[in-house]
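Have a look at the structure below, then the notes.
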Amino acid sequence: MKKAYIETYGCQMNISDSELMAGILAEQGYVATSTPDDADVILVNTCAIRDHAEQRVIGRVGQLQQVRETRPDVVIGVTGCMAQRLGEQLFRKDGGVDLVMGPDAYRQLPQKLAELRPATPAPRRTLPMAGGGPRGLTVLGFDPFENYEGVTARRISSVSAWVPIQRGCNYRCTYCIVPHVRGDEKNRDPRAILDEVRQLAADGVPEVTLLGQTVNSYAHGDWSFPRLLRAVARVDGIRRVRFTSPHPNGFTRELVEVMATEPTVCKQLHLPVQAGHDRTLKRMLRRYTVAEYLEKIEWVRAAMPGIALSTDVIVAFPGETEEEFEATLGLMRTVRYDDAFLYRYSERDGTPATRLPRDQFVPEAVGQARLVKLIAVHREIQAQMYQAEVGRVEEVLVEK
């Protein structure tokens, strides 16, 4: 009996991809294990959004080498966005990596593992490579038609399910590595999506979250995202529907109307703003203004006064002035988000922002100070909002 252990870093899409890999391996007789110590295959599914995330993975792969002391034939693989970004460079990092696989190659996982772990294993050996370290298998590149239709994911939850409807991204935000590691946007057939949701409902799963890099840009034939969202919301047995993450550009009044009128669509919205000043947004290539973003927030709150809002914000983007940073603080105070994911700009090789003049880059200490101030402002607002909730009674979904 072959055992597989998958460890996931990063966003909801990575969690969903890990479920896909687990399903693909289960079809080939692999049994999931909750610990790497007794695994025949260890996969670390990775994120490439920030350097900190990549350094964590590199450190973790080094730790996992301890498993080889008792299981010398174990296969250790790095999959996902970091694998696509770094490729064979991962073979040069500390610790042995046998497999490097990008997000569009997971169907090949059993085949590649069979090549690395033949039925009658030969004595373990490594091949020299420039820069030192072992050389394994690298499976990268993009498949413009790969949406993993027909793959049955092995869900980690029996009450809430991720349903990917889109892979890749057609936007080219100057700070973002995602299009470079996941390729262009690909949208699934709505019939396949609805079949998947119906099966989840039949299995007793009450909540689904529709996933996409810019989920509201979904289009397939005459199907728009609002139409798909309404159809999913009306599947018998589904009690809660969420989606993440929409882009402000494609956030329309039609979508607001569906959210407001469909009872099963959760009155919750994650709408990334990234910055609170038009000049910064323009350099980020976000393609909207602060005024346009705030207008959409007004639509939402007018239609759903009690909606919970969250966002993403990056501070210290190259060229950000103190005035621009203060404008971001002002936007936070204006919108008053229930939750926010707040970051200091992280330089990513291959993104357009790295080509900006170096004298525009904000000193690390200044950027960190801005982040600390932003977090403090957000937490103050958040505490006030949470205090206002005391005494209310709400229906909750117990996930664990």
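Position 1 is the first residue of the sequence; numbering continues from there.
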Legend entry - K282 atom NZ, over 12 foreign heavy atoms within 6.0 Å: no
Legend entry - Residue R172 excluded, over 12 heavy atoms near CZ under 6.0 Å: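 Counting other residues, nucleotides and ligands, CZ of R172 exceeds 12 neighbours.
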Legend entry - side-chain contact (heavy atoms from CB on, under 4.5 Å) partners of A22, counting only residues at least two apart: I6, R154
Legend entry - Charged N-O contact under 4.0 Å between D104 and R182: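 Judged by the 4.0 Å cut-off on N to carboxylate O distance, D104 and R182 do not form a salt bridge.
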Legend entry - Co-members of I15 in a cluster of I, L, V, M, F, W and Y side chains, linked at under 4.5 Å: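 Reading the cluster by chain and number, I15 sits alongside M13, I156, W162, L211.
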Inset, instruction - Please state whether the rings of Y171 and H247 are parallel, tilted or perpendicular, taking 30° and 60° as the class boundaries. - result: parallel
Inset, instruction - Just say parallel, tilted or perpendicular for the rings of Y148 and Y106, cut-offs at 30° and 60°. - result: parallel
Inset, instruction - May I ask you to check whether S217 and Q166 show a side-chain donor-acceptor distance below 3.5 Å? - result: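 S217 vs Q166: donor-acceptor pair found between side chains.
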Inset, instruction - Using distance alone, with no hydrogens and no angle criterion, decide if H270 and D339 have a side-chain donor and acceptor under 3.5 Å apart. - result: no
Legend entry - Pairs where residues 219-230 contributes a residue and the test side chain to side chain donor-acceptor pair (under 3.5 Å) is met, not counting sequence neighbours: D222-R227, R230-E257, R230-E262
Inset, instruction - Measure from NZ or CZ of R358 to the centre of the six-membered ring of F361 and say whether it is under 6.0 Å with the direction within 45° of the ring axis. - result: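 Yes.
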Inset, instruction - Step by step, work out the side-chain contact (heavy atoms from CB on, under 4.5 Å) result for R370 and L342. - result: CA-CA 11 Å; R370 289 178 183 176; L342 311 174; over 6 Å; no
